[in-house]
Amino acid sequence: GAVVSQHPSWVICKSGTSVKIECRSLDFQATTMFWYRQFPKQSLMLMATSNEGSKATYEQGVEKDKFLINHASLTLSTLTVTSAHPEDSSFYICSARPGPSRNSPLHFGNGTRLTVT
Amino acid sequence: SQQGEEDPQALSIQEGENATMNCSYKTSINNLQWYRQNSGRGLVHLILIRSNEREKHSGRLRVTLDTSKKSSSLLITASRAADTASYFCATDEAGTALIFGKGTTLSVSS
């Protein structure tokens, strides 16, 4: 149980275009989902916390107008990278936990490898 | 932001040997978790240890937590080639999100 599905697994886009990444909780409801970014050989950096039915909370230094997050239902959060540039090329990973308790693990999607040319 | 700092950054061992990774963090925590990541994939949860626990076991994994030193260690016993991956500690700093350390890349050769 507690499966998080992320789509697409990889995408190549041209500079200036927008890319949408979907994150779904398949067998549980998630009022909160988390988006991370990971550069090669580095750790995961929290980008934003996605809240169902309300605005996302962005970490310092993350542009909310560039990384649009929509959490329209209890099982789906989307991250749209707008006007992508080569420096946005990275591995984006979403996660969620089935339940409000902090004493439970996060379940991660398999990530999306974004390459901007 | 990053909370944890793991060491070593990279570790190479032979199959059958034990692997120990350490993690330090900066603020008070509710729990500390260890995750594994195979190259280019998402993370898999390994073990969670609460702030009032000192040691926890799961199969070949043993995790310790010293809140006075703000540190944790992950021991993998009798390692296998399939254990080759990156290992991250993560803490629940400031809310429900997890903040990850820099990770240890483990390479187990047969």
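Naming: A, B, ... by sequence-line order, numbering from 1 per chain.
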**Complete:** Given Gln38(A), Lys41(A), Gln60(A), the one with more heavy-atom pairs under 4.5 angstrom with chain B than any other is Gln38(A)
**Request:** Sort Leu106(A) into side chain, backbone, both or neither according to what part of it lies under 4.5 angstrom from a heavy atom of chain B.
**Result:** both
**Prompt:** Given a strict heavy-atom distance threshold of 4.5 Å, which part of Arg41(B) is in contact with chain A: side chain, backbone, both, or neither?
**Reply:** both
**Prompt:** Within a reach of under 6.0 Å around CZ of Arg54(B), are more than 12 heavy atoms found that belong to other residues, nucleotides or ligands?
**Reply:** yes
**Prompt:** Given a strict heavy-atom distance threshold of 4.5 Å, which part of Leu43(B) is in contact with chain A: side chain, backbone, both, or neither?
**Reply:** both
**Request:** Might you work through the side-chain hydrogen bond (donor to acceptor under 3.5 Å, both in side chains) test for Gln37(B) and Tyr35(B), ending with a clear yes or no?
**Result:** CA-CA 7 Å; Gln37(B) 182 182 34; Tyr35(B) 287 81; over 6 Å; no
**Message:** Are there over 12 heavy-atom neighbours, none belonging to Arg60(B), within less than 6.0 Å of that residue's CZ?
**Reply:** yes
**Prompt:** Side chain, backbone, both or neither: which part of Ser9(A) has a heavy atom under 4.5 Å from chain B?
**Reply:** neither
**Message:** Can you tell me which residue among Asp66(B), Thr91(B), Leu32(B) is in a side chain to side chain contact (heavy atoms under 4.5 Å, CB included) with Ser72(B)?
**Reply:** Leu32(B)
**Over all atoms of both residues, closest heavy-atom pair of Leu75(B) and Asn18(B)** = CD1-CB, 3.8 Å
